[in-house]
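First up is the structure itself, then whatever we jot down about it.
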Amino acid sequence: MVYLPASGCDLRATLESGQVFRWRRWGPRGWRGLIGTTVVTLTQAGSLIHVGGSAAPAVLGPLACRYLRLDEDPEALLASAELDPAIRVALQATRGLRIIRQDPWECLASFICASFNNIARIAGMIERLCRTYGRAVAHRGEPWFTFPDAATLARADGGALRRLGFGYRAPYLVAAARQVNERQVDLAAVARLPYEEARATLLRLTGVGEKVVECVLLFGFGRFEAFPVDVWIGRVMRRLYFARRGATDRRIRELARRRFGPSCGLVQQALYHTRRIF
DNA sequence: GAAGGGCCTTTGAG
DNA sequence: ACTCAAAGGCCCT
């Protein structure tokens, strides 16, 4: 077990803001889940974060630090943004919310499942996906399951996924897994591309459209220029900046990019989580 | 090339 | 039991 300085990170806001779907409450201030193949328990202890799990302390510390982005200061990004009062309120209400560094493939697959869906159901779907196709990792006598890799899901049967409750997303997920597995879209290469090229490349994936691609760029590739516009972000942004005028999601995203610059992703997640907690 | 509409599966929550 | 809405994408005008 290890203690890390929280550096302002609030675990609840970070883990329960809809960027990840696999963490479960563990005790009064804790969450348990997996980072890669390691079972990890994170506990908020004031200005410290306690890290336990199925690996040596020397591994757990850096793993959690990187995952929670404790090595970065979000305030630095916000310094150059144009923040009106409504945005400041959202940032204040969700203070401590970090953008997690997720595995690109897990993030991609998760957000393909997220389309026209709700978070409770997404979590259930992903849990069944991992139990069915993931690898069992024993931790203190309990089995936990890793997120299945692209090669495994590329061999999965669409019908089987439908029976797991994936609905019309089942064929999307299998198709995307094949594209990734066959390197039609090389995620490692995408990580090195400039934003616009990375975006265009990811959009070739089945089941990835204008909204999901922004989520993957933000949560999976750490591109803070991304600004996912879902139904809720669309509503609040239209109310704030497009009074009595209809605005397409594209226009909203473009306004956000101009206004919030490199902190787009942070502002978006603050707005999104604000409507979830109120 | 941009924008709008119909259709698609399932289920958690009220 | 019934209804509603959900971190949308695809395909066609």
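Here is how names work: the chains are called A, B, and so on, in the same order as the sequence lines, proteins then strands, and each is numbered from 1.
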Proximal nucleotide (of B:dT11, C:dG8, C:dA7) relative to the A:A114 side chain: C:dA7

Can a donor-acceptor pair be found between the side chains of A:R135 and A:T146 at a distance below 3.5 Å? no

Without decimals, in angstroms, what is the distance between A:F116 CZ and C:dA5 P? 10 Å

Taking the side chain as every heavy atom from C-beta outward, state whether A:F145 and A:V137 have any atom pair closer than 4.5 Å. no

Can you confirm if the NZ or CZ of A:R275 lies within 45° of the ring axis of A:Y272 and under 6.0 Å from the centre of its six-membered ring? yes

Strictly below 4.0 Å: does A:R121 bring a side-chain N or O up to OP1 or OP2 of C:dA5? no

Any N or O donor-acceptor pair linking the side chain of A:Q269 to the base of C:dA7 at under 3.5 Å? yes

Please verify the inter-ring angle class for A:Y67 with A:W23; under 30° counts as parallel, over 60° as perpendicular, anything in between as tilted. tilted

Quickly work out the A:W232 CH2 to C:dC4 P distance and round it to whole Å. 16 Å

Interatomic distance, A:R235 CZ vs C:dA5 P [rounded to whole Å]: 8 Å

Can you measure A:E210 atom CD to B:dA3 atom P for me and round it to whole angstrom units? 10 Å

Under 4.0 Å between any heavy atoms, over every strand shown, what does A:S110 touch: base, sugar-phosphate, or nothing? Just pick one. nothing

Whole angstrom value for the distance that separates C1' of C:dA6 from CZ of A:F166: 16 Å

Atom pair distance, as rounded to whole Å: CZ in A:F21 and P in B:dG12: 15 Å

Please report, rounded to the nearest Å, how far the C1' atom of C:dA7 is from the CZ atom of A:F219. 8 Å

Roughly how many Å is it from CZ in A:R169 to P in B:dT10, rounded to a whole number? 10 Å

